[in-house]
Every structure is written in structure tokens, then in C-alpha cells.
Amino acid sequence: MIGPEASAAARLKDLGVHETVEFNSPPRPEMGDFSSPIALKLRKIRGQAPLVIAEEIRAGLESSLPRYIRDVTVTPPGFLNFFVDHRAFAADLIRESYGPVTPIPPEDSGKVEVEHTNVNPNKAMHVGHVRNAVLGDTIVRALRAAGRQVEVCNYIDDTGIQVVDVVTAFLYLEAPYYVGGEDFSEIWAKAPSDRPFDYYCWDIYAAVQSYLKPDPAAPLDAAEQSRATMLQERKAEITHAIEAGDTAIAHFAKALSSRIVRAHLRTAARLNVFYNLLNWESDILRAGFWDHTFQRLKEAGAIQFEESGLNKGCWVVPMGGTEETPEGARSRDKILVRSNGAITYTAKDIAYQLWKFGKLDTDFRYELWDTQANGEPLWTTAWDGEPREGFGRAARVINVIDVRQSEPQTVVYKCLDSLGFKEEARNSTHLSYEVVTLSAQAAAELGVDVEEGQDVSMSGRKGLGVKADDLIDRMAGVIRSRSAEATLDAEALAAAAIRYYMLRFSTNTRIRFDFEVASQTNGDTGVYLVYSFARACSILAKAGEGSGRPDEFVVPRSLSSEEKDLLREMGRLPQAIQSAAESLTTTPLTTYAFSLASAFAGFYDHTPPILREPDPDIRQFRLSLVGAFREVMKKTLSILGIPALERI
RNA sequence: GUCCUUGUAGCUCAGUGGAUUAGAGCGCUUCCCUGCGAAGGAAGAGGUCGUACGUUCGAAUCGUACCAGGGACACCA
């Protein structure tokens, strides 16, 4: 599917216009179907009057008109106006809508590694994690639709403090306490059977935080204080046991995080989010990635050992040294190895980033984790797995992480550069996005009082957040109550609504999560998109088997403005995909999907009922148009990860 | 303090150099189903695009300053 705009752009390129060409609508329809200010832009570059440039381009175009363009005119101060041959366009578009999307082929080649989700495996997913997963998954879909080869990985931080904390809570927050040994059956039994495992962990993680990190505003009493001291001591023991690797507690921790990961993957699958590979932090450590990386960083002189000063005894990345502030001296350097020899998260991340580019001599071992609901296998790194070719070795790496981690990401890429991997550093992208906060209304529902109009940050520590599964369940309930369809897949439609809600915002807009807004089922929502698709399916079903076939229609002599609008929108899908894949944002796709659905609604409401149309040619053409819309919308929904339901 | 980011209609947001009318949804005021799905469509009210100066033939869009939100600057991740 190449629309008139794309064909015009291609011809302009042939004529030596290498700048990005943009198109827009002229103020009056008689001035053309679309226009371009390219000659005005070229004025500065070529130093000629825009009207002269425009006229020159027009003459060039006229000698061999772009496909689907029947005329080109010039209007002051130098706009090029294009008149579309709608009949030719309609004929091709309807036929091609059934084929694959054929976007402009990518200039760069090689595999793209996208990492997203990355939820700490110690509690249930909340709406903030949903934003990450849905954003990452949609970018993956857009890149694949644009012809890129993509591998998706999900990083599991199973050796971090958050897991240690929840293990501490599991073993020692409530009786029966862990008393040593290999038998954890009594411990596991503490998780109630009537509450999801990840929800239980959510609760005990928040509960243990009140001892490990007490709120200064609410000091602990004597009894609580002694309990807190006990838990701190146990936490230290657990930390050592997990670091040691092959201990009973380490195995318990791994079993616990595995259970949580299974819960996360189930939740993600409910939102049509899938992966290729799970990368476990414990495997990064055991595979010796860091030792290898450490050696190279030292050799390259990218890091230095501090003999004195604030960071005495640490290996650091120099980022500006010590600076004086009113609060005293402070170091801007980034510590990779602490004075006790332990490495920081950023250090692991450097090694991991090198693995993604295939720049380490060592590799993980792998095993099959599961087959996902999309039918694709999911692999995982595993210490006792098998060597396996084909993972990593990417040409480009995209890490989907929220904006608060911009600085550590910068350090990682800087270190790649210092190691001499200049191209890899350039091809590393932090896909940064703003966080999700809770509106006063959402917070109130979770039992937190906030001033009207204020919002509140989610906090795993405090157990404050909207859980993803709760949101999906709730949305499905709202949807079920609105539908007359007995066979409605409310859960699938809930996923549509939630995904679209998250994707509508640009990445640097903070989402103030609000139940009322999120659960809207009319207007600019995912439900509206699916509705338009279901409506088209319904018309075609009523018209009978095989109606709307792409090969049996005659384009009428004249088309209505609604028909033209619909055609134009259908032809724009490749541009929307390309724009999303280039900018790594989802708004080009969501705004496109909405205008496509709106164009269909406009067409539907301003066209006499097709099924009662007496002229068989017109009836057949319009059914073909509906059929083409169904195909284009299906592709659009698929890129958004939204299920195309034929009835809602 | 330094750096990043945001400020567009009552609310929530798109738009980030182009054309005398800056778009959408929600909310508000009116219409439109014995004619294909009203989770829809049509019409209307509602905006000095934070403020000021500048660059440009042209600025919501670029630059500078200021004001106001948010975030990052740990031997956390």
C-alpha cells in the first residue's frame, strides 16, 4: 500500500529533493487534495525564490506524474498542490489492502534488541509497569512491521535488594519462621491459597518495609524496634546466602522470583505482551560477564581506583570528580565497584549491554521456558542450561526504562564508548518515558487521602499502586456491563482499552492514572477502534459470504468526500508505521488508528445503507471499501497489540 | 545549586517551522436510530498555545531570559 503522498514523496526524491517532505491539507479543497511547502523550505538552501523552485519542481513532476496524482499546481507563496486520481488509487488500494504492508525498506540492517518490562520479581505488576510493557511491546510490533528483525528480552533482577527484602519477609515476618535446612514447605504454606501469590508478596513486601525502612514521621515503639533489628540481621544473612549462590536460601529466592516471573508473564499475556528471552541477573553474575568487562574497562583506562577521598577504595567512572556544595563535598563520579568489592547495578548493566552487542567472549546458557499464548517459544538464560547460538549480537539496542534512570543509562553508554565501542554506544538507545502517577480519585480508592487535583507517586515500598490484574478485571467488568453480546470477550476488549489508554500519551507526558478516564468506552478509546472494526465485520457478514471481495468491483465515476477521506486514511498506514519506528513513539500509531476509525464512522454515517443499495456496482464497490477498511484496521490493531474482535 | 523535562479549551491530551478558521476526546447546549451495530454521527459554545524579548517571508513549534509543575544528581536500582 503506497498512498498518493508516498508516491509523490518518492518522485520528489527522484527530482533531487532529499529533504524530508511533509504534506498537509490546503485551506480550500479546490486548491488540491494535499499540498507541500517543500519549495518554501528549499528557499534557504537553494537561494532562489520559492515560486521559482516550486514551478521547477512542478514542471519536473508533470513530465512524469507520480502514481495516483493527476495534476500538480503552484500557489503563492510557493506551495505545491497535488490532485489525486481517486479512482486509480481506490482500485489499487482495495486490492492491496489484503496483502502485506509494504513499508519503505529500512536503511539500517541487523537485529534490534529491545528490552522492556524489567519488573523486580518480588511483587505484583502495577500500572506503571504496564506502561513500560505496553510501550515496549508496541515499539517492537512497529519495528517488525517496518521490516526490522527484533529480539525482545525481559531482564529479571533476581539478586537485587527488593528480592532480598521479600525473602526476608517470607521467612521471618510471621511464624512459622525459617529455622534452616532445605525444607521450605511450611514457609511456602504461609502464602494463602485464596490470594494470588504475587499479591501476597506485594503485601508482605510493603509490611517488611515498615521495619526495614521505617517512616521517620512514625517512629517504632520498643517492641517494633527489636523486631526491626532482628529483621535487619536476617536480611544481612540472606543477602550473603544469595550472593554465595549455591545455598538453600539462594534456591528459595530463585524459586520465589520464578513464581513471581510466571505471574508477571501471565499478566503481560493478558495484555498481549510477549518476549523472546528472559535474562536473569544471577546468570549474568555466574557467567562471569562482569570479570571480563572489568578487565577491559581497566585496560581501556575507562575507570579508576580511588586511593583517597570520598570514594576511597572504589572503582569509579570519572564523571566530573568532587565538587563543593553548601552541604559539603560530593562526588559526581559513578561507582562501579564498592569499597567492599561488591559491584553496583550500573556495572552489571555495562556488562549486559556488551553482551547484547555480542562483544563478550562468554555467553549465557539457555533453556526453553514455555510456549506463550501467541504460539511463540520463550527462552530463558539458565545456569544449568545448554549453549545456544543466536541470542544477542544485535546491531542496535533499545532499552525501555523510565526517565528517572536517564543518568545511569548515560554512564553505561559512555563506558561502551570509552571501551572503543563507539558504534555500539551510538546504537544504544534509552527509550525513556515518564512515570505513571495516581490521580486523587485513584489514590482515594486505594485508601490514601490526597488534596483534590493533586496526584501521588506509586510506591512498592508502601504497597501503594493499582495492580495490573485488578485493572484488567475491573475494565472487563465495565465492558461486560455495557455489552449485549453474550459471547463477548470482555477481557480482550479490556486489554484493548488499557493498551490504547497507555499508548495515547507521548513518552514524556506523565500519565496521571484515573479509573474514570481509563475505563471510558466511548470517544478516543481502544473500544472505539474495535467497535469500528466489529461494525465493518457485521456489515460484511450480513451482505453474505465473500462480499467485499477485492477482485470484483468497479470504481464509480465519482466518489463522495467521505469515501475519499476513508481511502486517504487507509493509504496512510505505512507512514504511521514508519513514523513510529523512527521516532520510537506510539502516538503516530494511536492518532492514525483513531482517524482511520473516524473516517470509517464518517463514511458509514453519510452513506446510504449499502445493503439496500439498488445499483449492484455501487453496492459491490462500497462493500469492497468496507472489506478493505476491515483489512487495514486489522493490521493497525495488530501493531497496537489490540485484538480485532468481530463482535463486541 | 547543576542537568533533564513539562506548561496548548473547564478537564485529559495530540500537534513541534507553513497557508486569515490551532485539533481530538471528555464535560456542556441542541439535533439524528420502523435505513447495515447510537460503544456512532451532525451542529454549537469554549483558546492572547505559561510570560517577555529575539531569529524568520512565516513561530504553539527554533533561541535567550523569567515564572510555575515534575524528575535526576547514593558505596540503591
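All chains are named by letter (A, B, ...) in the order of the sequence lines, taking the proteins before the strands, and each is independently numbered beginning at 1. Not measured: the values here are computed from a predicted model.
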_Syn/anti state for rC33(B) [syn: chi within 90° of 0]_ = syn
*Any idea which of rA39(B), rG37(B), rA42(B) is nearest the Arg535(A) side chain?*
rG37(B)
_Taking pairing as Watson-Crick or G-U wobble with both contacts under 3.5 Å, can you name the mate of rC3(B), or confirm there isn't one?_
rG71(B)
*Checking all strands, does Ile648(A) fall into the base, sugar-phosphate, or nothing category for heavy-atom contacts under 4.0 angstrom?*
base
*asked:* Tell me if the NZ atom of Lys634(A) is crowded by more than 12 foreign heavy atoms within 6.0 Å.
replied: no
*Is the closest side-chain heavy-atom distance between Pro37(A) and Leu40(A) below 4.5 Å?*
yes
*Across all strands shown, which nucleotide pairs with rU12(B) by Watson-Crick or G-U wobble geometry, both distances under 3.5 Å?*
rA24(B)
*Quick one: the side chain of Thr75(A) and the base of rA19(B), do they pair up donor-acceptor inside 3.5 Å?*
yes
*Nucleotide opposite rA52(B) in a Watson-Crick or G-U pair, distances under 3.5 Å*: rU64(B)
*Describe the nucleic acid contact of Asp349(A) in one word from base, sugar-phosphate, nothing, applying a heavy-atom distance below 4.0 Å.*
nothing
_Considering all heavy atoms, the nearest Gln48(A)-Arg43(A) contact_ = O-CG, 3.3 Å
*Scan nucleotides 9-17 of chain B nucleotide by nucleotide, 5' to 3', and note B when protein non-hydrogen atoms come under 4.0 Å of the base, S if they reach only the sugar-phosphate, - if neither.*
----SSS--
*Protein-nucleotide distance (Asp402(A), atom CG; rA77(B), atom C1'), rounded to Å*: 11 Å
*What does Ile161(A) touch in the nucleic acid at a heavy-atom separation under 4.0 angstrom: a base, only the sugar-phosphate, or nothing?*
sugar-phosphate
*Is the phosphate of rG41(B), meaning OP1 or OP2, less than 4.0 Å from a side-chain N or O of Tyr528(A)?*
yes
*In terms of side-chain heavy atoms of Arg332(A), which of rC73(B), rA39(B), rG41(B) is nearest?*
rC73(B)
*asked:* Rounded to whole Å, how long is the line connecting atom CD of Gln409(A) with atom P of rC76(B)?
replied: 18 Å
*Just compare rA77(B), rG40(B), rG37(B) and give me whichever is closest to any side-chain atom of Tyr604(A).*
rG37(B)
*Considering heavy-atom distances to RNA chain B, does Leu493(A) or Asn311(A) have its closest nucleotide positioned more toward the 5' end?*
Leu493(A)
*asked:* Is the shortest side-chain heavy-atom distance between Phe505(A) and Tyr433(A) below 4.5 Å?
replied: no
*Record whether the side chain of Ser35(A) comes under 3.5 Å of the base of rA19(B) through a donor-acceptor pair of N or O atoms.*
yes
*Tell me what Lys312(A) touches on the nucleic acid: a base, only sugar-phosphate, or nothing, going by heavy atoms under 4.0 Å.*
base
*With no angle test and no hydrogens, is the base of rC75(B) tied to the side chain of Ser339(A) by a donor-acceptor pair under 3.5 Å?*
yes
*Can you find a heavy atom in the side chain of Ile498(A) that is under 4.5 Å from one in the side chain of Val127(A)?*
no
*asked:* Can you tell whether the side chains of Lys312(A) and Glu307(A) come within less than 4.0 Å, N to carboxylate O?
replied: no
*asked:* Among His129(A), Met458(A), Arg510(A), His126(A), which residue satisfies the side chain to side chain contact (heavy atoms under 4.5 Å, CB included) criterion with Val436(A)?
replied: Met458(A)
*When you get a sec, tell me which of rC76(B), rA39(B), rA74(B) is the closest nucleotide to the side chain of Arg482(A)?*
rA39(B)
*Looking for any heavy atom pair under 4.0 Å, which part of the strands does Tyr531(A) touch: base, sugar-phosphate only, or nothing?*
base
*Go through rA77(B), rG40(B), rA42(B) for me and flag the one nearest to the Gln405(A) side chain.*
rA77(B)
*For nucleotides rU64(B) and rU6(B), find the distance between their P atoms and express it as a whole number of Å.*
14 Å
*Touch check for Thr344(A), heavy atoms < 4.0 angstrom, all strands: base, sugar-phosphate only, or nothing?*
sugar-phosphate
*Check side-chain hydrogen bond (donor to acceptor under 3.5 Å, both in side chains) between Arg568(A) and all other residues, then give those that pass, not counting sequence neighbours.*
Asp565(A)
_More than 12 heavy atoms of other residues, nucleotides or ligands under 6.0 Å from CD of Gln454(A): yes or no?_
yes
_Using a 5.5 Å cut-off between ring centres and planes within 30 degrees, is Phe594(A) stacked on the base of rA24(B)?_
no
_Atom pair distance, as rounded to whole Å: CG in Asp605(A) and C1' in rC32(B)_ = 9 Å
*Classify the nucleic acid contact of Ala534(A) as base, sugar-phosphate or nothing, counting any heavy atom under 4.0 Å across all strands shown.*
base
*asked:* Could you tell me the Watson-Crick or G-U partner of rG58(B), where both distances fall under 3.5 Å? Say none if there is no partner.
replied: none
*Could you tell me whether Pro50(A) contacts a base, only the sugar-phosphate backbone, or nothing, with contacts defined as non-hydrogen atoms closer than 4.0 Å?*
nothing
_Options rA72(B), rG37(B), rA74(B), nucleotide nearest the side-chain atoms of Arg330(A)_ = rA74(B)
*Specify whether Phe294(A) and Trp290(A) have parallel, tilted or perpendicular ring planes, treating 30° as the upper limit for parallel and 60° as the lower limit for perpendicular.*
parallel
_Strand partner of rG17(B), provided both Watson-Crick or wobble distances fall under 3.5 Å_ = none
*Strand partner of rA42(B), provided both Watson-Crick or wobble distances fall under 3.5 Å*: rU30(B)
*Between Phe79(A) and Asp524(A), which is nearer to the 5' end of RNA chain B once each is assigned its nearest nucleotide?*
Phe79(A)
*Distance-only donor-acceptor test, Asn81(A) side-chain atoms vs rA19(B) base atoms, 3.5 Å*: yes
